[in-house]
Amino acid sequence: QVQLAESGGGLVQAGGSLRLSCVVSGLSLYAVGWFRQAPGKEREFVAAVSRSGWQTRYTDSVKGRFTISRDNTKNTVNLQINSLKSEDTAVYFCAASRVIRSEIVPTSYDRWGQGTQVTVSS
C-alpha cells in the first residue's frame with residue numbers, strides 16, 4: 001500500500017519561503033496533488049503534477065509563487081512556496097492516485113498524508 005509522508009512545514013514571516021516535501025512510496029505510478037486546509041475552512045486544491053512531471057496545475061491564488069516538482073528517482077514531490085502570505089496559513093496535505101479524474105477534486109485521490117502545518121506571521 002502506498003505511503004505518503006509530508007515534511008517541511010513551519011513558522012515563517014510573510015514574504016518568506018518554505019519547501020514542502022512529500023515522500024511517496026512507488027511514486028512513478030502516481031499523480032500527486034497538494035491541498036491545504038485552514039481552520040474552519042474546507043480542504044482546497046493547491047497544485048498537482050502528473051505522473052511524468054510534464055503537466056502541472058495550480059490554483060489561481062498561488063500561481064507565480066508556488067512551484068510543484070517531482071523526482072521519481074527519490075520518490076519525492078516538492079512544493080516550493082515563495083512570497084508567503086498570511087492567507088497561506090494552513091495544514092498542507094499531499095495526496096496520490098494512479099488515476100486522476102480531476103486534479104482539483106479531493107475525492108480523486110485515494111491516498112493521503114498526515115499533513116504538515118504552515119504558519120505565516122505578518
Quiz item: To the nearest 0.5 Å, what is the distance between CZ (R111) and OG (S97)?
Solution: 8.5 Å
Quiz prompt | Candidate list L18, L11, V91, test side-chain contact (heavy atoms from CB on, under 4.5 Å), partner V118, passing option | solution = L18
Quiz prompt | Crowding at CD, Q117 (>12 non-hydrogen neighbours, <6.0 Å) | solution = yes
Quiz item: How far apart are the closest heavy atoms of S102 and S108, and which atoms are they?
Solution: O-OG, 2.9 Å
Self-check item: side-chain contact (heavy atoms from CB on, under 4.5 Å) between Y58 and T67, intermediate numbers included
Solution: CA-CA 8 Å; Y58 300 90; T67 303; 3.9 Å; yes
Quiz item: What about L84 and V46, same hydrophobic cluster or not, with Ile/Leu/Val/Met/Phe/Trp/Tyr joined at side-chain heavy-atom distances under 4.5 Å?
Solution: yes
Exercise. Considering non-hydrogen atoms only, spot the tightest contact between A90 and A38 and give its length.
Key: CB-N, 3.8 Å
Quiz item: Using a distance-only test with no angle check, is there a side-chain donor-acceptor pair under 3.5 angstrom linking N78 and S21?
Solution: yes
Quiz item: Within a reach of under 6.0 Å around CD of Q55, are more than 12 heavy atoms found that belong to other residues, nucleotides or ligands?
Solution: no
Quiz item: Quick one: are W34 and I68 in side-chain contact, heavy atoms under 4.5 Å?
Solution: yes
Exercise. Report the distance from atom OG of S50 to atom CZ of R57, rounding to the nearest 0.5 Å.
Key: 12.5 Å
Exercise. Over all heavy atoms of both residues, which pair between Y109 and G33 is shortest? Give the atoms and the distance, please.
Key: CE2-N, 3.5 Å
Self-check item: Among T76, D71, N75, side chain to side chain donor-acceptor pair (under 3.5 Å) partner for T73
Solution: D71
Practice problem: With sequence neighbours left out, write down each residue that passes ring-ring contact (aromatic ring centres under 6.0 Å, His included) with Y92, or none if nothing qualifies. | Solution: none
Exercise. Answer yes or no: is there a side-chain heavy-atom contact under 4.5 Å between V32 and L27?
Key: yes
Quiz prompt | Approximate separation, where rounding is to 0.5 Å, of F66 CZ and Q80 CD | solution = 10.0 Å
Exercise. Report yes or no: is the cationic atom of R43 (NZ for Lys, CZ for Arg) closer than 6.0 Å to the six-membered ring centre of F93, at no more than 45° off its axis?
Key: yes
Quiz prompt | Spacing of CG belonging to L20 relative to SG belonging to C94, to within rounding of 0.5 Å | solution = 9.5 Å
Quiz item: If we only count heavy atoms from C-beta on, is the V24 to C22 side-chain gap below 4.5 Å?
Solution: yes
Quiz item: According to a 4.5 Å side-chain heavy-atom criterion applied to Ile, Leu, Val, Met, Phe, Trp and Tyr, with indirect links allowed, do V62 and V120 form part of one hydrophobic cluster?
Solution: yes
Quiz item: In terms of ring plane angle, is the pair W112 and F35 parallel, tilted or perpendicular, where the classes change at 30° and 60°?
Solution: tilted
Quiz item: Within the distance-only criterion (no hydrogens, no angle test), does the side chain of E103 pair as donor or acceptor with the backbone N or O of V49 below 3.5 angstrom?
Solution: no
Quiz item: Measuring from T56:OG1 to K63:NZ, what's the distance to the nearest 0.5 Å?
Solution: 9.5 Å
Practice problem: Scan for salt bridge (charged side-chain N to carboxylate O under 4.0 Å, His left out) pairs involving residues 74-100, sequence neighbours excluded, and state none if there are none. | Solution: R36-D88, R65-D88
Quiz prompt | Atom of S25, atom of Q3 and distance for their closest heavy-atom approach | solution = OG-N, 2.8 Å
Quiz item: Atom OG in S28, atom CZ in R51: separation rounded to 0.5 Å?
Solution: 7.0 Å
